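A short write-up of the structure that comes next.
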Amino acid sequence: MSGENGQDEQHPDAPDGGAQGGEQLALIRDTVRKNRAKPRTWRGAALAEGLPVARVLVDKGLVHLDQYFDYAVPAAMDEEARPGVRVRVRFGARVVKGRREGGTLHDGFIVERRADTDFRGPLAPLAQVLSPEPVLTPALLALCRQVADRYAGALADVVQLAVPPRMARAERDPSPQPRSDPPMPEPGSWERYATGPAYLAALARGDTPRAVWLALPGPHWPGELATAMATALASGRGALAVLPDGRAAARVDQALTALLGEGRHVLLTADAGPEERYRRWLAVSRGTVKAVVGTRAAMFAPVADLGLVALWDDGDSSHAEQHAPQPHAREVLLLRAREERTAFLLGGVTSTVEGAQLVESGWALPLAASRAEVRAAAPLIRTVSDADQARDEAARAARLPSLAWQVTRDALARGPVLVQVPRRGYLPKLACDRCREPARCAACAGPLELRDRSGTPVCGWCGRPAADWHCAECGGTRLRARVVGARRTAEELGRVFPSVPVRTSGRDTVLASVGDAPALVVATPGAEPVADGPGYAAALLLDGWALLNRPDLRAGEEALRRWALAAALVRPASQQGTVVVLAEPTLRPVQALVRWDPAGHALRELSERAELRFPPVARMASVIGSPAAIADVVDTLRLPPGADLLGPVPVPSGRGEWEARGRGGGGGRGGGSGGGRGERGERGGAPAQGEREREPRERLLIRVPPGSGAALAAALKEARVARAARGAAEPALMRMDPLDIG
DNA sequence: AGCACGCCGACT
DNA sequence: GTCGGCGTGCTC
């Protein structure tokens with residue numbers, strides 16, 4: 001495998017020149033000057049003798065400046081005040097007539113014990129050591145630092161994501177005894193992949209193979225993931241797997257328990273509750289457990305002697321952290337693979353463009369099955385186009401095309417049938433109730449949507465409300481949603497097949513599994529239960545329209561991903577497993593599904609992105625704020641060569657993701673193109689009391705060539721620090737790798 | 001980010 | 001004379 005002897009191979013995202021990240025941040029971190037002073041402190045309290053200074057990462061406070069503060073260590077705390085422990089310090093005090101006054105208590109972590117300080121002034125003493133547990137170990141701190149640099153974020157923000165809150169009771173309990181390494185597992189179903197056994201063999205002998213694994217459809221992937229982890233453990237190293245949700249994590253946890261028994265690994269998910277979760281995290285931090293299966297936050301788990309990092313289904317949006325600086329599990333694990341010299345396994349039923357890029361760049365090898373194996377495992381895929389649907393009389397009556405109806409009826413004789421319906425929250429596009437023609441805006445021909453429950457359709461492009469719409473084709477005046485929700489579908493199907501039980505799995509109630517008896521299982525994407533036994537007899541994928549019509553760079557990739565995840569739960573075609581997808585068969589993701597060729601799809605997407613100079617080939621950052629704020633950021637930024645500025649344009653309203661704070665109103669903004677950067681705050685007409693002034697928000701995209709991502713992150717961070725130090729009035733939001741670009 | 005100090009206008 | 005505007009600067 002690629003990693004066996006090439007430890008120095010460059011990851012595509014590695015900082016330019018290959019050195020370690022964030023060179024330009026040195027000026028912030030490198031506050032150590034030559035004028036080292038012996039620490040003085042305020043009251044003449046006795047200080048610790050050997051290393052009287054504690055360098056502290058203060059939580060909150062000046063996160064933006066992203067710097068450490070030195071505190072004096074009272075003699076009484078000498079023993080406990082070790083690097084990594086949580087402390088409490090007084091911060092922000094003022095000197096009044098030679099005495100310190102005020103200052104509020106902040107939590108923080110000791111990062112280092114020192115003999116001296118570079119702060120010219122008296123040090124305040126540590127207020128309290130909260131716990132002797134060294135949670136922010138040097139290795140974890142280094143990882144947090146890397147992630148902060150990668151995302152132009154503040155260290156304290158990342159540490160908050162990486163270190164769980166303290167639960168005193170869990171800390172008091174001793175962690176279990178470390179176990180000896182388990183025996184080497186058999187490859188099992190890994191044999192189905194041409195290079196599967198070779199990958200395991202490399203893991204087994206302590207190498208660091210890196211692979212993008214296209215899992216075959218079917219129920220075997222949790223066991224395969226667990227086998228890879230067990231192999232890393234057997235080689236004497238630790239292993240970490242991150243999964244998109246608790247259900248998937250539980251499946252791998254079960255598989256790992258079947259392989260290793262209890263006690264050699266932990267499951268880190270929110271389900272366990274904060275105290276139990278912290279207990280398990282401590283077992284990892286203390287080094288007594290060397291394997292972790294978990295959801296997103298587990299990406300930081302401080303596994304000792306890490307040998308393998310694995311990520312399942314990196315296209316799932318839950319792998320993107322919601323809190324600043326929004327690190328993505330894939331990127332964090334890539335950092336860890338590089339920095340901690342580990343094997344890497346990126347698995348999924350489909351591939352993201354990022355996964356394809358890892359293969360294209362040669363950093364990882366593809367781990368895929370032969371066409372023959374794919375044919376043996378995949379269900380038969382059939383499509384229903386819009387034209388088929390419109391022609392289809394049955395469609396009008398039951399909202400279910402006749403093909404779907406037939407397949408369902410036949411399959412129900414053999415087992416359960418999965419019905420994938422759009423998730424609520426997707427803006428339903430509208431169509432003429434009479435002729436099914438998509439409803440369009442009279443002004444700009446954009447698609448009409450229902451944005452809220454008010455019932456008035458709004459143009460998705462120009463935002464104009466369409467109160468008195470009529471169809472341009474047939475003159476009809478009634479609209480209907482082109483997608484139907486889960487409950488409604490369930491009801492209708494229940495009427496069509498009255499003798500079959502209907503079960504639903506969605507946002508509020510997600511079923512983990514269903515039995516193998518005939519049933520209609522209506523689920524939203526991502527909430528599909530696994531069917532026991534051989535799997536579903538058939539699946540209907542009814543949300544093709546909703547998935548493909550999103551104005552998103554990833555719409556195709558995402559549609560294919562969701563379809564394939566559902567289709568992977570269906571029996572192979574050899575057992576009459578059939579999938580009916582309501583989507584145009586000419587569309588690229590639909591073809592990729594029919595041929596079951598997710599790798600080809602990802603590769604084509606990747607080459608298109610490269611042509612268009614889109615991420616992840618180029619790297620991007622976004623700056624959001626008022627025109628004045630954006631202009632100020634641009635003036636402050638020292639961009640790497642080859643950087644493009646795109647925009648600024650008004651921030652698309654409605655979706656919360658990009659709103660800095662508060663709710664941007666819906667209102668239609670004609671089509672104004674942002675213009676220059678001249679107009680600053682309008683002091684003229686004062687807004688009425690109570691109505692908050694709505695400053696225009698715009699978004700600037702910054703694009704840099706491949707390889708300059710780290711330089712861009714460094715520039716952003718530098719600008720952020722400079723602006724914060726200057727006390728810039730206008731807030732601006734800066735993000736690396738913005739998700740929602742057009 | 002908070003928070004205090006500081007130096008200029010209309011009130012008891 | 002005093003309250004209070006937010007400009008400026010600092011926080012180990």
Side-chain angles (χ1 to χ4, degrees), chain A residues 27-45 47-48 51-74 77-78 81 83 85-130 136 148 152-160 323-325 625 628-629 632-633 636 660-662 680-681 683 686 693 717 719-734:
Chain A
L27 54 121
I28 304 156
R29 221 167 306 151
D30 186 37
T31 44
V32 182
R33 289 280 142 62
K34 273 296 102 162
N35 60 357
R36 299 203 168 155
K38 270 187 44 198
R40 296 175 288 138
T41 189
W42 278 89
R43 314 271 221 126
L47 295 188
L51 299 168
V53 176
R55 188 148 281 183
V56 173
L57 172 69
V58 181
D59 205 13
K60 313 279 173 10
L62 291 335
V63 276
H64 292 293
L65 295 190
D66 208 10
Q67 62 188 22
Y68 298 133
F69 292 88
D70 285 349
Y71 284 82
V73 181
M77 299 182 190
D78 188 18
V85 302
R86 299 180 215 253
V87 291
R88 204 165 289 205
V89 295
R90 212 163 269 289
F91 187 80
R94 201 132 305 268
V95 179
V96 181
K97 284 182 284 183
R99 295 183 69 89
R100 301 171 56 78
E101 277 181 13
T104 46
L105 284 174
H106 287 254
D107 286 350
F109 299 88
I110 295 183
V111 150
E112 188 189 357
R113 284 288 297 272
R114 306 172 54 94
D116 50 27
T117 178
D118 55 322
F119 182 65
R120 322 151 147 275
L123 298 186
L126 295 175
Q128 188 189 356
V129 175
L130 282 172
L136 186 59
L155 176 63
D157 286 341
V158 179
V159 167
Q160 198 161 18
H323 299 108
D632 180 53
V633 169
T636 311
R661 75 186 68 165
R680 336 232 125 176
R683 296 267 164 246
E693 184 177 355
K717 192 153 177 177
R720 167 174 299 158
V721 169
R723 276 169 46 83
R726 194 203 306 153
E730 296 271 1
L733 228 69
M734 304 180 217

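Letters go in sequence order (proteins before strands), and every chain restarts at 1. Since this is a predicted model, take the numbers as computed values, not measurements.
Residues forming a side chain to side chain contact (heavy atoms under 4.5 Å, CB included) with A/Leu62 (at least two apart in sequence, or on another chain): A/Leu65, A/Phe69, A/Phe91. By the side chain to side chain donor-acceptor pair (under 3.5 Å) test, A/Asp70 is found to be paired with A/Arg55, A/Thr117, residues two or more places apart in sequence or in another chain being considered. For A/Arg113, the salt bridge (charged side-chain N to carboxylate O under 4.0 Å, His left out) partners are A/Asp78, not counting sequence neighbours. Under the rule for a salt bridge (charged side-chain N to carboxylate O under 4.0 Å, His left out), A/Arg94 has no partner lying at least two apart in sequence or in another chain. In this structure, the side chain to side chain contact (heavy atoms under 4.5 Å, CB included) partners of A/Ala152, at least two apart in sequence or on a different chain, are A/Ala713, A/Leu716, A/Lys717, A/Met736. Looking at residues two or more places apart in sequence or on another chain, you find a salt bridge (charged side-chain N to carboxylate O under 4.0 Å, His left out) between A/Asp632 and A/Arg723, A/Arg726. In this structure A/Phe109 satisfies the ring pair (Phe, Tyr, Trp, His ring centres under 6.0 Å) test with no other residue, sequence neighbours excluded. Not a single side chain to side chain donor-acceptor pair (under 3.5 Å) links A/Arg90 to another residue, sequence neighbours left out. Checked against side chain to side chain donor-acceptor pair (under 3.5 Å), A/His323 has the following partners two or more places apart in sequence or in another chain: A/Glu321.
For the pair A/Asp59 CG and C/dC12 P, the interatomic distance rounds to 16 Å; values are reported in whole Å. Distance, A/Asp116 CG to C/dC12 C1': 14 Å, rounded to whole Å. Across the protein-nucleic acid pair, A/Arg120 atom CZ and C/dT11 atom P stand 12 Å apart, rounded to whole Å. Here the P atom of nucleotide C/dC12 and the CG atom of A/Leu126 are 12 Å apart, to the nearest Å. Separating the CG atom of A/Leu123 from the C1' atom of C/dC10 is a distance of 16 Å, rounded to the nearest angstrom. Rounded to an integer number of Å, the gap from CD of A/Gln67 to C1' of B/dA1 is 13 Å. Counting to the nearest Å, the P atom of C/dT11 and the CG atom of A/Asp66 are 18 Å from each other. Taking atom CZ of residue A/Arg114 and atom P of nucleotide C/dC12, one finds them 17 Å apart after rounding to whole Å.
Looking only at side-chain heavy atoms (C-beta outward), A/Tyr71 and A/Ile110 stay at 4.5 Å or farther from each other.
At the heavy-atom level, A/Ala93 lies under 4.0 Å from the strands shown only through sugar-phosphate atoms.
Looking at residues 153-160 of chain A, you'll see that no heavy atom sits under 4.0 Å from any atom of DNA chain C.
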Review item, nucleotides 5-7 of chain C N/O atoms under 3.5 Å of protein N/O:
none

Check: protein-nucleotides 4-6 of chain B nitrogen or oxygen pairs below 3.5 Å:
none

Checklist entry - Passes side-chain contact (heavy atoms from CB on, under 4.5 Å), A/Gln160 versus A/Asp59? Steps please. => result CA-CA 8 Å; A/Gln160 198 161 18; A/Asp59 205 13; 4.1 Å; yes
